[in-house]
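Atoms within a ligand are numbered from 1 in the order they appear, just like the ligands themselves. On a predicted model such as this, the values are computed, not experimentally measured, just so you know. The figures here come from the full heavy-atom set of this structure, side chains too, leaving out hydrogens, waters and symmetry mates.
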Amino acid sequence: MGKNIKNLLIKKITEKKAVVGIVGVGYVGESLGRAIAEAGFTTHGFEADEARIRLLKDSLPVNFTLHCDKKLLNNCDIVCVCVPTPLTKENLPNTSILEAAVDEVRQQLKKGQLIIIESSVAPGTTRNIILPILNKGGLRVGCDFFLAFSPERVDPGNSNYSVRNIPKVVGGIEDNSQRLGVVFYGSVVEKVVPVESCEAAELTKVLENVFRLINISLINEIADYARALNINIWEVINAAASKPFGFLAHYPGPGAGGYCIPVLPIYLLDSAKKNNISLPLVELATLSNRKQPEKIANMALTIMNGKLHKSTNGNGIKPQALLVGISYKENLGDTRESVALKIWNKLEEGGVEVHYHDPYVLRLNGFTSSDLNEEFLKKMDMIIVTTPHRNISYETLIASKKPLLDTRGVLNNYTGANIYHI
Ligand SMILES: NC(=O)c1ccc[n+]([C@@H]2O[C@H](COP(=O)([O-])OP(=O)(O)OC[C@H]3O[C@@H](n4cnc5c(N)ncnc54)[C@H](O)[C@@H]3O)[C@@H](O)[C@H]2O)c1
């Protein structure tokens, strides 16, 4: 029975007759949906945010249409779930958006459907949280419907790699689910990497992010050491990177932001705790990354206190600081988990009035991106480069002669009494 249903779906996929649904058309859902539609599948995007639908709908391929209503999910043979998996206010995993989206999928679940979870989660989530929700409908996984996990690995702003040429890792709840996931993605992307289980696919994504977090935290720690001993860390990293094997360069900065690198290690730690497993290195890296923005803010406060007649806790006149780049990553306007915002909070706690300039984020939380004109820069007591956007006139910042703290290495070729490197 399950075999016939599976073979029918394989045939539909091979003939590009399978209809695909994308639940959550944000950054990931849009990129994935475009790739699937460009591969020739009729693709329906289901997006809760109507403003997002209005923004996107005219820019998509003709066979990729957007809907707010989920009724058409019932017409889909394959459903990819790409909704956010953020943290709670208490800094704990929050799978409630994913669970709600899967429950909506469950309401339209039909025989023969393949559900693929793309959202980043802790190992075990697909089997222990998603499957029980889908099971409520009475259909049996592996026979009546299929369930796989395939982590999304897109790198926003990276023009060399897109959905098509980043290998897609796929694990299934059981063999039929895995096989279907592999056949489907094999008809969309250049390379598929099958793994034995959903848990292996989930842990692959977690490992990639934890690897980055640990290396970023390590280089920030070594940079502290190098600064204290007056050694140029950038020169050291470039020298180490000349070794043709065994070293992967990571660079110091204000800490890792965004929805993946700092978030997934917390999902992992939560899962480890529930399984009585201790991961001290991951814990330390998470802690170190959390402290990095505070460290940068303290560096800026120290520079300001040393340079200014008005102290940061002194005569009532607030020192003025400018953050250059407020998004979490260069050349993008995404501010989720941005460390610049954490530096902003710490500076405010230190009695500083904060301004920002970001060509990709013109308005944020009631603030507006400031123009980098002479008159404005004259009023600043401190400038901190927090995100290394391409189209920023760093020369204008240097020409202002204001204390300038570069947390990203964009001013490495400049020296001067007013320029501070981390
Ligand atoms: N952005 C990245 O670079 C990236 C990379 C790899 C993995 N991921 C992971 O992929 C997942 C999605 O991330 P994203 O950056 O695309 O998030 P996003 O916030 O940009 O998009 C998610 C979209 O889902 C919509 N949504 C939420 N609940 C819904 C529902 N019930 N029905 C329909 N739409 C719903 C939201 O309105 C939003 O537009 C997350 O788990 C994230 O960790 C993100």
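Of all protein heavy atoms, the one closest to atom 21 (O) of ligand 1 is G26 CA, 3.1 Å. Protein heavy atom at the shortest distance from atom 24 (O) of ligand 1 is G24 CA, 3.3 Å. Ranking the protein heavy atoms by distance from atom 3 (O) of ligand 1 puts P156 CG, 3.1 Å first. For atom 15 (O) of ligand 1, the nearest protein heavy atom (residue, atom name, distance) is R336 NH2, 2.9 Å. The protein heavy-atom contact nearest to atom 20 (O) of ligand 1 is Y27 N, 3.0 Å. Nearest protein heavy-atom neighbour of atom 6 (C) of ligand 1: E152 O, 3.1 Å. Remark: minimum distance from atom 22 (C) of ligand 1 to any protein heavy atom is reached at P84 CD, 3.5 Å.
Aromatic rings from F376 and H355 are positioned such that their centres are separated by under 6.0 Å. Close placement of the F184 and F41 rings is indicated, their centers lying within 6.0 Å of each other.
Remark: ligand 1 atoms within the under-4.0 Å shell around heavy atoms of E104 are 30 (C), 31 (N), 32 (N). Heavy-atom contacts of K205 reach the following atoms of ligand 1: 6 (C), 7 (C) (cutoff under 4.0 Å). Proximity to A101 (heavy-atom distance under 4.0 Å) selects the following atoms of ligand 1: 31 (N). Taking a cut-off of under 4.0 Å to the non-hydrogen atoms of I97, the atoms of ligand 1 that pass are 27 (C), 28 (N). The distance from ligand 1 to the heavy atoms of D49 drops below 4.0 Å at these ligand atoms: 37 (O).
From N94, atom CG reaches atom NZ of K89 across 10.5 Å, with rounding to the nearest 0.5 Å. Here the CD atom belonging to Q320 is positioned 6.5 Å from the CG atom belonging to D381, to the nearest 0.5 angstrom. Within the model, atoms OG of S150 and CD of Q178 stand 11.0 Å from one another, a figure rounded to the nearest 0.5 Å. Expressed to the nearest 0.5 Å, how far OG of S271 lies from CD of E199 amounts to 10.0 Å.
When all heavy atoms are compared, the tightest approach of L147 to C198 is O-SG, 4.3 Å. Smallest separation of non-hydrogen atoms from Q292 and G253: NE2-O, 2.9 Å. Nearest heavy atom pair, residue I219 against residue P252, reads CG2-N, 3.7 Å.
Contacts with ligand 1 closer than 4.0 Å are made by no heavy atom of A100, backbone or side chain. With a heavy-atom cut-off of 4.0 Å, E208 does not touch ligand 1 at all. Residue contacts with ligand 1 for C82 involve N, CA, C or O but no side-chain atom from C-beta outward (heavy atoms, distance under 4.0 Å). Residue contacts with ligand 1 for T85 involve both N, CA, C or O and side-chain atoms from C-beta outward (heavy atoms, distance under 4.0 Å). Under 4.0 Å from ligand 1, the heavy atoms of K70 that appear belong solely to its side chain.
Environment of CD in E221: sparse, with no more than 12 heavy atoms of neighbouring residues, nucleotides or ligands closer than 6.0 Å. For K295, the NZ atom is densely surrounded, since the number of other residues' heavy atoms within 6.0 Å is greater than 12. Atom NZ of K16 has more than 12 neighbouring heavy atoms from other residues, nucleotides or ligands inside a 6.0 Å radius.
Aromatic ring orientation, Y360 versus H389: tilted (interplanar angle from 30° to 60°).
Taking only nitrogen or oxygen atoms, main chain and side chain alike, R52 does not reach within less than 3.5 Å of ligand 1. Close N/O approach between C260 and ligand 1 is not found [any backbone or side-chain N/O within under 3.5 Å]. Below 3.5 Å of separation, one finds an N or O of A48 facing an N or O of ligand 1.
A side chain to side chain contact (heavy atoms under 4.5 Å, CB included) with I326 is found for one member of T387, T386, D358 and no other, namely D358.
With atom 36 (C) of ligand 1 as the reference point, the heavy atom nearest to it among H67, K329, E50, E47 is part of E47. Relative to atom 8 (N) of ligand 1, the option among I22, V83, V28 with the closest non-hydrogen atom is V28. Heavy-atom proximity to atom 42 (C) of ligand 1, evaluated over S120, P151, S31, S96, is greatest for S120.
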